[in-house]
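Here the structure comes first, spelled out in structure tokens, and everything after it is commentary.
Order of listing sets the numbers, starting from 1, for every ligand and every atom in it. If you read the sequence from its start, that first residue is 1, and numbering goes on from there. Values below: every heavy atom of this structure, side chains too, minus hydrogens, waters and symmetry copies.
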Amino acid sequence: MNEISQRISAIVNQLPQQVRLIAVSKTVSVEAIRAAYQAGIRDFAESKLQEAIEKQAQLQDLSDICWHFIGHLQTNKAKKTLQHFHWLHSVDSLKLAVYLDKIAGELNFSPQVFLQVKLLPDPNKYGWNKEDLLDDLPVLDHLRHLKIRGLMTILPLGLSETDKLTAFQATQKLANEIQQKKCLNISMDELSMGMSGDYLLAIQSGATMIRLGTIIFGTRK
Ligand SMILES: *Cc1c(COP(=O)(O)O)cnc(C)c1O
């Protein structure tokens, strides 16, 4: 547990001020989450709803944790997901966005969300490609309950450092392009990208939230 706090200090010391470190605690024990909290972390991300609900129940005393959802969202669990998370990073289709907006309206709640994009083809990942996202923007801009704050991306495995940087920069460029369109309800003030293996490149490309698991908690089982 001491190791966790040492790893966090090493990372935090080199982070620019505007970058928010989100500890990805999927598969990680509640004790390890507490250790990260003691080291100053207040943002935690989970990818499975049921697992998150169980951990949140055991961590109720840490009431200032901000919970981020980063897994693929299923519509039949949309309501519960909205009730258990402050931020959703993985809104990955128009259909899902429209549905979440409706549920958010019913709950009278405005969740902060990212639109997940994949600018390189990747059969293992969800998300918009550039063309489809630009086509869908007018509809997205009409959603009144979701607070769309930016783009989120996960890079495909096996890219060279150069290709990773290019892909992150393309994501930043797309966010800028969307910002230029002066949408009424869509803001691009946040950018969620960067994991343990690529976060420095993501920061270099304008990331404002990095999502780190392994480098904080060690290899997942
Ligand atoms: C698991 C996961 C992470 C963390 O990955 P690490 O390589 O362990 O840092 C970040 N983002 C998403 C969406 C994930 O699923």
Side-chain angles (χ1 to χ4, degrees), residues 3-12 14-15 19-30 32-33 35-36 39 41-53 55 65-74 77 81 84-93 96-97 100 111-120 122-129 148-161 163-165 167-168 171-172 175 190-221:
E3 243 183 327
I4 291 176
S5 90
Q6 283 167 8
R7 291 181 188 136
I8 289 171
S9 307
I11 298 163
V12 168
Q14 51 168 344
L15 284 190
V19 177
R20 189 157 156 188
L21 169 57
I22 299 169
V24 175
S25 52
K26 62 188 183 196
T27 78
V28 160
S29 71
V30 169
I33 294 178
I41 300 290
R42 292 295 177 273
D43 291 277
F44 291 90
E46 291 282 337
S47 60
K48 295 218 166 76
L49 178 64
Q50 198 50 44
E51 179 185 339
I53 290 176
K55 288 178 185 171
I65 289 183
C66 179
W67 290 100
H68 301 255
F69 190 76
I70 56 172
H72 178 55
L73 253 148
Q74 291 163 289
K77 295 181 187 164
T81 309
H84 283 269
F85 289 88
H86 305 91
W87 286 79
L88 308 179
H89 291 240
S90 41
V91 177
D92 55 23
S93 71
L96 177 63
L100 283 173
Q112 315 277 341
V113 308
F114 286 97
L115 305 175
Q116 184 174 348
V117 297
K118 51 170 187 181
L119 301 188
L120 295 169
D122 185 348
N124 300 317
K125 299 272 170 354
Y126 295 91
W128 274 274
N129 63 37
I148 299 175
R149 298 293 300 277
L151 303 181
M152 178 276 223
T153 201
I154 310 169
L155 298 188
L157 293 174
L159 296 183
S160 69
E161 297 295 290
D163 289 347
K164 286 179 189 174
L165 184 62
F168 282 141
T171 309
Q172 181 186 36
E190 301 282 351
L191 188 52
S192 170
M193 55 188 200
M195 304 175 26
S196 294
D198 55 24
Y199 73 96
L200 293 172
L201 296 171
I203 291 171
Q204 206 180 316
S205 312
T208 63
M209 293 199 196
I210 55 174
R211 311 175 310 264
L212 306 187
T214 313
I215 199 173
I216 292 176
F217 295 113
T219 309
R220 283 181 294 275
K221 281 161 212 112

Report summary line: Residues passing the side-chain contact (heavy atoms from CB on, under 4.5 Å) test with S205, sequence neighbours excluded, are L165, F168, Q169, Q172, M193
**Report entry** Pairwise side chain to side chain donor-acceptor pair (under 3.5 Å) hits with a residue in residues 211-221, at least two apart
**Finding:** S192-R211
Query raised in the report: Residues two or more places apart in sequence or in another chain: which of them pass ring pair (Phe, Tyr, Trp, His ring centres under 6.0 Å) with Y126?
Result: H72
Report task. Determine whether E46 and I33 make a side-chain contact, defined as any pair of heavy atoms from C-beta on separated by less than 4.5 Å. Result -> yes
**Report entry** Separation between CZ of R20 and NE2 of H68, rounded to the nearest 0.5 Å
**Finding:** 4.5 Å
Please tabulate, one line per pair, the protein N or O atoms found under 3.5 Å from any N or O atom of ligand 1, giving the distance to one decimal.
| from | atom 1 | to | atom 2 | distance (Å) |
| --- | --- | --- | --- | --- |
| ligand 1 | 8 (O) | T214 | N | 2.8 |
| ligand 1 | 8 (O) | T214 | OG1 | 2.5 |
| ligand 1 | 8 (O) | R220 | NH1 | 2.8 |
| ligand 1 | 8 (O) | R220 | NH2 | 3.1 |
| ligand 1 | 9 (O) | S196 | N | 3.0 |
| ligand 1 | 9 (O) | S196 | OG | 2.5 |
| ligand 1 | 9 (O) | G213 | N | 2.8 |
| ligand 1 | 11 (N) | R211 | NE | 2.9 |
| ligand 1 | 15 (O) | K26 | NZ | 2.7 |

Query raised in the report: So with a 6.0 Å cut-off around NZ of K125, is the heavy-atom count from everything else above 12?
Result: yes
